[in-house]
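Here's the structure we're looking at; comments come further down.
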Number of protein chains: 2
Amino acid sequence: MYHDIADDIIKQINEQTYVDKLPSEAQLTDHYQVSRNTIRKAIDEVCQQGLLRRVKGSGYYINQITMHDAPVVNLSLGAGKAMRAVDSHLTSTVLALEDVLANQFQANHLHITIGEPLIHVLRLRQLNGQRYCIEDSYYLKTQVAQLSLADAQQSIFHAVKRDYDISVNNAENYISVTTLNDQQRQLTGIHDDHALLTLTQINYYGNNIAFNLSTTKFFNADLNLYFHSSQTFGGDSK
Amino acid sequence: MYHDIADDIIKQINEQTYVDKLPSEAQLTDHYQVSRNTIRKAIDEVCQQGLLRRVKGSGYYINQITMHDAPVVNLSLGAGKAMRAVDSHLTSTVLALEDVLANQFQANHLHITIGEPLIHVLRLRQLNGQRYCIEDSYYLKTQVAQLSLADAQQSIFHAVKRDYDISVNNAENYISVTTLNDQQRQLTGIHDDHALLTLTQINYYGNNIAFNLSTTKFFNADLNLYFHSSQTFGGDSK
DNA sequence: TTTCATTTGTCCGTATGTATC
DNA sequence: CGATACATACGGACAAATGAA
C-alpha cells in the first residue's frame, strides 16, 4: 500500500501538483487515509529515489534534478526504472543475440563459474534517430532460458518479468570511461576512438540472485548520470 | 539510537562476528534490548549500503562484495565518507584559494542568485606521487566565511565541521565525461585533451541548505565510481 | 529575545499477512 | 502442516528543529 502511495506522490511531483514542497505528513495522512507511519514509509521511498530532501521541523522539499540543458539519467530510480523516461522513445537494433559461455569477467560479477551458459545480447539504441547508447547484456541461462528477437528489440526486462517473473530488486552500479571494443566496432561500423561514459550494472532479483550483467556505453558527450546520496546518519562523519 | 545499532551491525559484519547471515530480528531485538521497529530501521540502513540482502521468511544474508582489479570509489557510503578510504593517503596542492562571485552555473546549483560571494578552492590531489584528481570547490561565504590555506591542504570538510559545525547531510551527484578547462590547464601545466571521469556534487547540510558545489575530475583512466541501488519495492515495476 | 504552534524524527507495543523451511 | 522469520499497518508518545508571532 505504501508503495502505491509512493508511486502516487511521484506522479504528483511529475505532474507538478506538488511544486516546491510536499504537503505535511498530517495533510498526506488525511488525504490518503492511512496512518502516519505508512505515509512516512511511502515518503522514505520517494526520498530514496532522490526526489526529495527532508528537513526536520520544516517539511519535504522537492529536488530539481537538472544539469542545465545537459540530459540526465536518474539512476536513483533503480534499475529498470532509470531509463523508463527515455525508454519509450528508444529504438533498438539487435546486433547480436547468441548463447555464450561465461568468461572470467562475467563469472566474477555474476557469482558463477567460468563456462556457465549465458545469453548475450548486443543492442544499439537510438533516440530520435540519434545514436544513444550501445548495450551489452548477459543473462544467466539457468534463470532466463530464452530470449526472442522480438523481445530484444523491445524492453528485455519487461519480457523477463512476463515470462520468468523476474524483476530487479537491487543493483550494483559501476561508472567508468571506456571506448568501444572490437566486436562493437565491427558490428556498428563505428571506428573512432571516442571516450564514452560507461555504466556497468549487475542486476539482482528476489533473493538477490544475480541474473543479468550489462554494460552500457553512452554516445552523448553531454550526458550526466545522476544519483542521490543521503546520510540517514545522525552524526559525526568525523 | 538505531544509527548506533546500524553502526554496530556493520562492525560485527566487518569483524566477521556475523559471517553468512544476521541473527533473526527477534534475536537482535533481544540482544540490543530495543523494539523490533528500531531493529528494522537499523537494518534498513545497513541494507541501504548494500551490505545485506533481505529474504522474507528466511533472514538477512551478508553480501560478499567482490573486489576488482580496477580501483573503485564507493559513493554509496554517503557524501563525505566516500573518499575517506583514500583521503588519508591524498596530498593536496592548492592551486587557487580566492573569493569569487557566483556565475550562472554556480547560482543554479547552489540555489542562490548570480553575484553572491563564494570561496573558490582549486586543488590538485595526488595519491602515492601519482596525479589522482583535480577538484574545484565553491563554498557559500554566508555559510563558510573563511578557509585557511592550511585547511585547504588538508580535509576541508573536517575544517568546516570544526569551525562552522557544518557537515554533509545529503548530496546530489552528477557523473559525466569532461576535459580540463582553461584555468585548470594553465595552473596545472597539463595541456593534453584526455577525457576524464567527472563527479559534480552539490552538498547540503541541515538537509536543506546547499553550502558547497564541487567538481572532481579523475585522472586514472581505469577508475570506477561505484554505488548500490536497491528497490525497497516489493513488486511489480510494471 | 522568548514563546508557541507546526512539522519531522525516534521509539514503543500490537496485530495481521505472507514467504520460507 | 506448523513454526519461524520478515513485511505491512495502526496508534500513541515524546523529542527536536523550524518558523512565525
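Closest approach to the Lys41(A) side chain among dT8(D), dG11(D), dC11(C) is made by dT8(D) (side chain taken as heavy atoms from C-beta onward). Residue Tyr61(B) has its side chain nearest to dC21(C) when only dC12(C), dT8(D), dC21(C) are considered.
Atom-to-atom, CD1 of Ile5(A) to P of dA7(D) comes out at 19 Å; the value is rounded to the nearest Å. As rounded to whole Å, 14 Å separates atom P of dG9(C) from atom CD1 of Ile39(A). Atom OH in Tyr204(B) sits roughly 20 Å away from atom C1' in dA17(D) (whole-Å rounding). Here the P atom of nucleotide dA7(D) and the CG atom of Asp44(A) are 14 Å apart, to the nearest Å. When rounded to the nearest whole Å, the span between CG of Asp4(B) and P of dT10(C) equals 11 Å. Atom CG in Asn37(A) sits roughly 12 Å away from atom P in dG9(C) (whole-Å rounding).
Using modelled atom types, one side-chain atom of Arg123(A) and one backbone atom of Ala152(A) make a donor-acceptor pair closer than 3.5 Å. Side-chain atoms of Gln33(A) come within 3.5 Å of backbone atoms of Asp30(A) as a donor-acceptor pair (strictly under, hydrogens ignored).
Counted within 6.0 Å of NZ on Lys21(B), heavy atoms from surrounding residues, nucleotides or ligands total more than 12; the atom is thus considered enclosed.
The side chain of His3(A) places no N or O atom within less than 4.0 Å of a non-bridging phosphate oxygen (OP1 or OP2) of dA7(D).
Checked for salt-bridge contact, Lys11(A) and Asp4(A) miss the test: no charged N lies under 4.0 Å from a carboxylate O.
Within the 4.5 Å cutoff, the side chain of Phe105(A) has heavy atoms near those of the Leu213(A) side chain.
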Check nucleotides 3-6 of chain D against the protein and report each pair of N or O atoms closer than 3.5 Å, with its distance, or say if there are none.
residue: dC6(D); atom: OP2; partner: Glu25(B); partner atom: N; Å: 2.9
residue: dC6(D); atom: O4'; partner: Gly57(B); partner atom: N; Å: 3.3

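The side chain to side chain contact (heavy atoms under 4.5 Å, CB included) check on Gln146(B) picks up Tyr164(B), with sequence neighbours excluded.
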